[in-house]
Amino acid sequence: MHRWSKLFIPTLREAPADAEVASHRFLVRSGYIRQLGAGIYNYLFLGQRSLNKIIGIVREEMDQIAQEFYLPGILPREPWEQSGRWAGMGDNMFRLKDRKGADLCLGMTHEEIMTTIARNELRSYKQLPQIWYQIQSKFRDEPRPKSGLLRVRQFTMKDSYSFDIDKAGLDKSFDLHDAVYRKIFTRCGLKFVAVEADSGSMGGSQSQEFMVYTDAGEDLIASCPVCGYAANLEKATSRLDPVVEMETTGDGTPELVSTPGCAAISDVAEFFKISPASDIKCVAYMARKVGAKGEPDTWHGVAAFLRGDHQVNETKLLGATKGVELRTMQTDELTQYFSGPAGFLGPVGLKPDAKPLEDGLTVVVDKSLEGRKNLVAGANKLDYHLRNVVPGRDFSWTLAADIRSVNEGESCPVDGCAGKLVVGKAVEIGHIFKLGYKYSESMGAKVLDPNGKEVTPIMGSYGIGIERILTAAIEQSNDKNGFWLPASIAPFTVVVTVTNIGDALLKETGEALAAELEAAGLDVLLDDRDERAGVKFKDADLVGIPYRINVGKKAAEGLVELVTRATATSVDVKLNEAVALVKERVQEDALLTAVGE
RNA sequence: CGGGGCGUAGCGCAGCCUGGUAGCGCAUCUGCUUUGGGAGCAGAGGGGCGGGGGUUCGAAUCCCUCCGCCCCGACCA
């Protein structure tokens, strides 16, 4: 039996000053975790217990569709070189050398390693499909660890990888994961939403994230309350209202206008008495392209043009140009590509590369500029703008793409839906995507098909952040006194609080009740500390245990008190009915979360 | 990497500007009283002020430098 008096549960009355988000404050205050360094945490008794419960659920569900492996966390350079990600991962990968000077890295994800196994072992279509998973520590040299366990440099991830003979097979593996993930998050008591997502540096086509709405989150989700459309802002689109075009002036060709000091969109709009939607904004970037085998990476100029009232979405821009990293141009780089200064940059007169990220300038225009006319744009000359600018007639581009972020209030992109998008913050707890052939191809995995022909298996990759499930659950359920977890992932289901351990009757009653609860299969913590009742109540409220049974004054009459943490309500129960009631409550909760979502 | 802030006892903080050898609350330990929402009284222990260097008779306080942590931004499978 777990007796609080013997355990190490270092609760804190005050949280460390640098803990900002609720989950961070409470994880530390409740003695779940202690910080060791920036983004590096020790998980103590309660924290580890809760994580183990989460892992238990993940494993149980994953075992329905996949086979568990355990891969190393420290990895040689070769597989990463083969996939092109040794360079592609950039500074986010922890790298080290062994005593012989050989390059190694700490695994941030395991596509390469799983693919190595597949390449070495899989020979026939008869062996497919395969789905392999593991639960492992991942390492990422985050530029900025933050928010307790939300963004860390070492964390636990369930990652799985599917190998299929064809696209239909991949679809099936993807759908299996989608279904299993929904079960897992539901069992963990999370209110989550599945959204369309960008596939980022992983490559691939379809990509779906599982998100929990919380202000502590770092992702933005656009969703439609009418039809249920939901997408990460890195991916979301919207339907734009038509813009009333400006009147044509003069002969209708671009006309140079002196606009002294009008460097900002707002200045230009005011000067011409136009809406910012009729002004063309230019944002100049340098984009990094991964070099061909053995070649170093190269940087190329990219000019992004979009409506003055829109914001560049750098993830979309990167995707459109096939670059791996963006940074804004420095002044000396601007002069290399443009004849005018920042604030007066425009598309007219530029010579776009035919293909993105070549030696010259890559010009990307947002799709919302296509078909527009009589726009205002910078003239690439200090204190001058052009008007009557018509995209396509007056300037051309390397490519047109959706490179802007949608805004709250814009129309839902789904055909026939009249909803308006809302944008909210969320934290990503899982991600599934169809990788395609990126890894199997580059690393040379092949099997024979029924015709004896060599084919490359198609892959999927699927992740769940274990700590993030805990963090999201806390963000979702806390008050000023602490937090409460669903019984399924709480370190204990019920705490038996003996209000006065010096009273022999109470002590014995508590011991007996705790033993009974344990015998009934519940995870019980007996608070047998020689503390005042108030102290024990405060601690119980703090540490996330969903149920508490107070053994106190009324024990002499054969009554104890069952307190439900989530609602802060209590009922008196006959001692001999307490166990059954707690079991019943826990089962009801499980049912509720099962229908929830 | 850019901007800002902070490092003094386990936690939260004061002291630094105007140098004189470190303090408060909580926590901890002992005793007595108390015992249903972080008890009261009395007593005790614990740090030499992130590290190094410098200025000075004297540095937590001033200067230099390095390290660490947090926040905003950049970044983020």
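By convention in this document, chain letters (A, B, ...) are assigned in the order of the sequence lines, proteins followed by strands, and residues within each chain are numbered from 1. For clarity, every value in this text was computed on a predicted model and none was experimentally measured.
Within 4.0 Å of A:S147, counting heavy atoms only, lie sugar-phosphate atoms of the nucleic acid but no base atom. In this structure, A:E561 reaches the bases: a heavy-atom distance under 4.0 Å links it to at least one base atom across the strands shown. Within the 4.0 angstrom heavy-atom criterion, base atoms lie near A:R29.
Without hydrogens or angle criteria, A:E111 side chain to A:S461 main chain gives no donor-acceptor distance under 3.5 Å.
At a cut-off of 3.5 angstrom, the base of B:rG73 holds no donor-acceptor pair with the side chain of A:R327. For A:R548 against B:rG37, a side-chain N or O and a base N or O form a donor-acceptor pair under 3.5 Å. If you check distances only, the side chain of A:N500 never reaches the base of B:rG36 with a donor-acceptor pair under 3.5 Å.
Between B:rA27 and B:rG68, the distance separating the two P atoms is 34 Å to the nearest Å.
Taking the six-membered ring for Trp and the full ring otherwise, A:Y161 and A:Y462 have centroids separated by 6.0 Å or more. For A:W132 and A:F69, the ring centers are positioned less than 6.0 Å apart.
A cation-pi arrangement is present between A:R327 and A:W299, with the terminal nitrogen or guanidinium carbon under 6.0 Å from the aromatic centre and inside a 45° cone about the axis.
Residue order along RNA chain B, read from the 5' end via each residue's closest nucleotide, puts A:L36 first among A:N92 and A:L36.
One atom, CE of A:M329, and another, P of B:rA74, lie 19 Å apart when rounded to the nearest Å. Going from atom NZ of A:K146 over to atom P of B:rC6 covers 20 Å, rounded to whole Å. As a whole-Å value, the separation of A:D18 CG from B:rC13 C1' is 14 Å. Regarding A:R532, its CZ atom lies at a distance of 7 Å from the P atom of B:rG36, rounded to whole Å.
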